[in-house]
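Contents: one structure, followed by commentary.
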Amino acid sequence: MDIRRRPPKSPHNNTNNIPPSASPKASDALPLPLYLTNGIFFTLFFSVAYFLLHRWRDKIRNSIPLHVLTLSELAAIISLIASFIYLLGFFGIDFVQSFISKSESEDEQEQSSFITCSPVVLPKSVVMMDLPKDDEEIVNRVVSGEIPSYSLESKLGDCFKAAKIRREAVQRIMGRSIEGLPLEGFDYDSILGQCCEMPVGYVQIPVGIAGPLLLNGIEYSVPMATTEGCLVASTNRGCKAIYVSGGATCVLLKDGMTRAPVVRFSSAKRAAELKFFLEDPLNFDTLSVIFNKSSRFARLQGIKCAIAGKNLYIRFSCSTGDAMGMNMVSKGVQNVLDFLQTDFPDMDVIGISGNFCSDKKPAAVNWIEGRGKSVVCEAIITGDVVTKVLKTTVHSLVELNMLKNLTGSAIAGALGGFNAHAANIVSAIFIATGQDPAQNIESSHCITMMEAVNDGQDLHVSVTMPSIEVGTVGGGTQLASQSACLNLLGVKGANKESPGSNSRLLATIVAGSVLAGELSLMSAISAGQLVKSHMKYNRSSRDITKIGS
């Protein structure tokens with residue numbers, strides 16, 4: 001595929017022989033030319049105003065009440081109001097749109113200078129869409145670069161049509177088909193400006209149900225979106241073992257989202273002065289008031305600083321209600337930084353995030369201090385259940401956990417990875433409930449502990465997860481499918497009676513599901529069933545060679 005710069009467009013070299021068309025204007029909907037329509041209403045407004053003022057002067061001289069109106073005066077008042085509304089809303093529209101058109105033209109010229117792929121002739125195996133003539137013209141203009149792909153939604157006013165045209169343009173540019181990617185049956189309006197830009201379809205991920213998970217005396221059916229065979233079945237077996245043993249208990253230890261900007265001073269001494277100021281308890285109330293202005297739900301919990309030379313990293317922690325809270329805490333941090341600029345004018349804000357937060361990266365600070373929801377979940381599995389349901393023994397599980405999850409992970413230098421596969425369950429629930437999948441990195445920090453209790457007859461198993469980052473409002477949680485999964489768990493949206501309780505409950509459900517998944521996988525490894533079960537349930541019997549042909 002040739003990579004080239006698009007040549008500048010000229011009126012004598014129009015791609016695909018498409019006549020240049022001006023951008024549509026709101027004034028095109030008027031029945032008369034804009035200058036004539038403006039002139040009519042302009043004249044009407046001042047003529048009627050003069051008439052009414054003249055009439056009211058005569059009434060005042062003759063002591064006639066102003067509210068007594070003749071038919072001509074009533075018509076004049078209506079005309080005055082109508083002409084005023086028109087002039088307020090539409091007068092000068094051509095003048096304003098001349099700047100808009102000029103700006104759009106400059107954007108398109110800038111866009112056309114980017115390095116892009118030249119259109120490729122599609123092979124016969126690629127199925128072309130049968131598009132209406134108007135849509136075909138738009139596709140050609142997108143392919144040629146005349147219309148930026150990212151502007152289709154705003155220009156067309158139809159999100160589905162924009163996705164359809166963009167999809168066809170991509171196929172023509174790349175010379176490859178994306179026929180298997182579904183297009184119809186999705187609400188593209190729901191993701192506009194919120195979840196995904198420049199869509200061309202959507203990916204189907206099957207959702208399975210594990211459970212019932214008996215957690216703190218309540219049963220939950222847990223939705224898991226995954227393409228990995230055996231994962232839902234294995235988690236379901238763990239849920240069964242927990243259920244027949246009396247259920248699991250989960251406790252929320254901490255709830256606080258973090259953001260850590262990095263600022264720089266001319267000297268380390270000045271950086272230390274700000275550190276002492278921020279960590280002084282006497283200043284906390286003032287900083288809290290400034291921070292909490294950003295939201296009804298944001299509440300500053302604490303500030304911890306780390307210094308590196310003349311650079312200061314400030315880690316703010318706050319509660320965020322039922323939202324995951326990244327945007328909320330960022331706004332609060334910005335308020336505080338603006339406030340500090342008065343007393344520390346020499347402070348140079350390098351970035352709103354300095355990675356001391358730390359978001360979407362494995363970091364010891366999250367493993368030690370926690371981020372989001374910090375949760376511990378435990379259960380006692382009776383010996384009979386270990387033998388009959390999990391097909392292993394208490395002694396084997398305890399030994400395997402010590403050598404695999406603890407010692408093996410320590411030898412590997414694991415950071416928060418003292419578990420069998422917590423990320424599997426976290427990712428599946430995150431995708432099903434509209435969480436940010438990238439935050440699976442720190443949300444999967446987990447240490448799994450197993451111990452023989454009751455004279456070695458039963459198994460005590462627990463998972464400790466210090467940084468589960470979830471929310472039940474905002475982002476992908478508002479999409480129909482993800483909202484349905486949250487509703488199944490009883491945590492959809494914000495809890496009006498107790499703000500934040502829905503997101504906290506979701507975090508405990510995640511931890512309880514991880515407990516079930518850990519219990520089942522460890523049992524499968526202990527009993528030597530892992531490879532056998534995956535070969536049985538995670539292998540397709542379909543003839544791949546026939547599918548490929």
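We find the CZ-CG distance between R264 and N311 to be 6.5 Å, quoted to the nearest 0.5 Å. Rounding to the nearest 0.5 Å gives a distance of 12.5 Å between CD1 of I303 and OG1 of T258. S467 contributes atom OG, which lies 11.5 Å from atom CD1 of I368 (distance to the nearest 0.5 angstrom). The line from CG of L337 to CD1 of I352 is 5.0 Å long, rounded to the nearest 0.5 Å. To the nearest 0.5 Å, atom CG of residue N419 and atom CE of residue M465 are 7.5 Å apart. To the nearest 0.5 Å, atoms CE (M522) and CG (L400) are separated by 3.5 Å.
Contact of the I525 side chain with the K404 side chain is registered, since non-hydrogen atoms from C-beta on lie closer than 4.5 Å. A heavy-atom distance below 4.5 Å is not found between the side chains of V251 and V375. Using a 4.5 Å heavy-atom threshold, the side chains of N502 and K492 count as separate. Contact of the T392 side chain with the V386 side chain is registered, since non-hydrogen atoms from C-beta on lie closer than 4.5 Å. Annotation: side chain of L506 is not in contact with side chain of I468 (no heavy-atom distance under 4.5 Å). Using a 4.5 Å heavy-atom threshold, the side chains of L397 and M450 count as touching. No side-chain heavy atom of L252 sits under 4.5 Å from any side-chain heavy atom of S374. When side chains are defined from C-beta on, S245 does not count as touching I380, because their heavy atoms never get closer than 4.5 Å.
Panel note: side chain N405, backbone F418; no donor-acceptor pair is recorded below 3.5 Å. A donor-acceptor pair is defined here as one N or O able to donate and one able to accept, closer than 3.5 Å; no such pair exists between the side chain of E451 and the backbone of L459. Although no hydrogens or angles enter the test, the distance criterion places a donor-acceptor pair under 3.5 Å between the side chain of R167 and the main chain of I178. At distances below 3.5 Å, at least one donor-acceptor pair connects side-chain atoms of T477 with backbone N or O atoms of G474. For D322 (side chain) and S503 (main-chain N/O), a donor-acceptor pair under 3.5 Å exists by modelled atom type. A distance-only check finds a donor-acceptor pair linking the side chain of Q435 to the backbone of G471 [under 3.5 Å]. Of the possible donor and acceptor atoms, one in the side chain of N292 sits under 3.5 Å from a partner among the backbone N and O of L300. D158 places a side-chain N or O within donor-acceptor distance of the main-chain N or O of K161, the cut-off being under 3.5 Å. A donor-acceptor contact shorter than 3.5 Å links the side chain of T407 to the backbone of M402. In this structure, D280 contributes its side chain and L282 its backbone to a donor-acceptor pair below 3.5 Å.
Other residues, nucleotides and ligands contribute only 12 or fewer heavy atoms inside 6.0 Å of the CG atom of N327.
Pairs engaging residues 350-377 under the salt bridge (Lys or Arg N to Asp or Glu O under 4.0 Å) rule: D255-K373, K304-E369, D359-R371, K360-D436, R371-E442, R371-E469 [sequence neighbours left out]. Within the structure, side chain to side chain donor-acceptor pair (under 3.5 Å) pairs that include any residue of residues 199-219 comprise E219-Y243 (at least two apart or interchain). Annotation: ring pair (Phe, Tyr, Trp, His ring centres under 6.0 Å) contacts involving residues 483-515, sequence neighbours excluded, are absent. The stretch residues 357-406 participates, sequence neighbours left out, in these ring pair (Phe, Tyr, Trp, His ring centres under 6.0 Å) pairs: W367-H445. Among residue pairs with one or both ends in residues 448-490, none qualify as ring pair (Phe, Tyr, Trp, His ring centres under 6.0 Å); sequence neighbours excluded. For residues 494-528, no residue pair satisfies the ring pair (Phe, Tyr, Trp, His ring centres under 6.0 Å) rule, not counting sequence neighbours.
Residues passing the side chain to side chain contact (heavy atoms under 4.5 Å, CB included) test with K293 are V289, I290, N335, sequence neighbours excluded. Taking the side-chain hydrogen bond (donor to acceptor under 3.5 Å, both in side chains) definition, one finds that S288 meets it with nothing, sequence neighbours left out. Looking at residues two or more places apart in sequence or on another chain, you find a ring pair (Phe, Tyr, Trp, His ring centres under 6.0 Å) between F277 and F344. For E197, there are no side-chain hydrogen bond (donor to acceptor under 3.5 Å, both in side chains) partners, not counting sequence neighbours. For S396, the side-chain hydrogen bond (donor to acceptor under 3.5 Å, both in side chains) partners at least two apart in sequence or on another chain are T393. Evaluation of the side chain to side chain contact (heavy atoms under 4.5 Å, CB included) rule for F356 yields A260, A306, Y313, R315, V365 as partners, not counting sequence neighbours.
Heavy atoms only, all atoms of each residue included: L183 and Y188 are closest at O-OH, 2.6 Å. When every heavy atom of P437 is checked against every heavy atom of F430, the shortest pair comes out as CA-CD2, 4.5 Å. Closest approach of C250 to L215, counting heavy atoms only: CB-CD1, 3.7 Å. Nearest heavy atoms, L515 versus A379: CD2-CB, 3.9 Å. Among all heavy-atom pairs drawn from I425 and S513, the shortest one is CG2-CB, 3.6 Å. Heavy atoms only, all atoms of each residue included: T227 and P206 are closest at CG2-CD, 4.1 Å.
Screening N487, L489, L488 against V491 for a side-chain contact (heavy atoms from CB on, under 4.5 Å) leaves a single residue, L489.
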task = In sequence, state the C-alpha distance, the side-chain angles, and the governing distance for R259 and K331, and then conclude on side-chain contact (heavy atoms from CB on, under 4.5 Å).
result = CA-CA 10 Å; R259 175 59 86 199; K331 289 191 292 184; over 6 Å; no
task = Carefully, step by step, assess E153 and M198 under the rule side-chain contact (heavy atoms from CB on, under 4.5 Å).
result = CA-CA 9 Å; E153 280 80 5; M198 295 186 286; 5.7 Å; no
ask   = What do the steps show when you test I314 against V263 for side-chain contact (heavy atoms from CB on, under 4.5 Å), and what is the final call?
value = CA-CA 8 Å; I314 313 168; V263 299; 4.2 Å; yes
request  = Kindly determine whether N424 and E228 satisfy side-chain contact (heavy atoms from CB on, under 4.5 Å), including the steps that lead there.
outcome  = CA-CA 9 Å; N424 246 341; E228 180 183 347; 2.9 Å; yes
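Residues K275 and E279 are paired through a salt bridge, judged by an N-O separation under 4.0 Å between the basic side chain and the carboxylate.
A donor-acceptor contact closer than 3.5 angstrom links the side chains of T448 and E518. Side-chain atoms of R299 and S319 include no donor-acceptor pair closer than 3.5 Å. Side-chain contact of S427 with N440: a donor-acceptor pair under 3.5 Å is present, judged by distance alone. Between N495 and S501, the side chains place a donor N or O and an acceptor N or O closer than 3.5 Å (distance only, hydrogens not considered).
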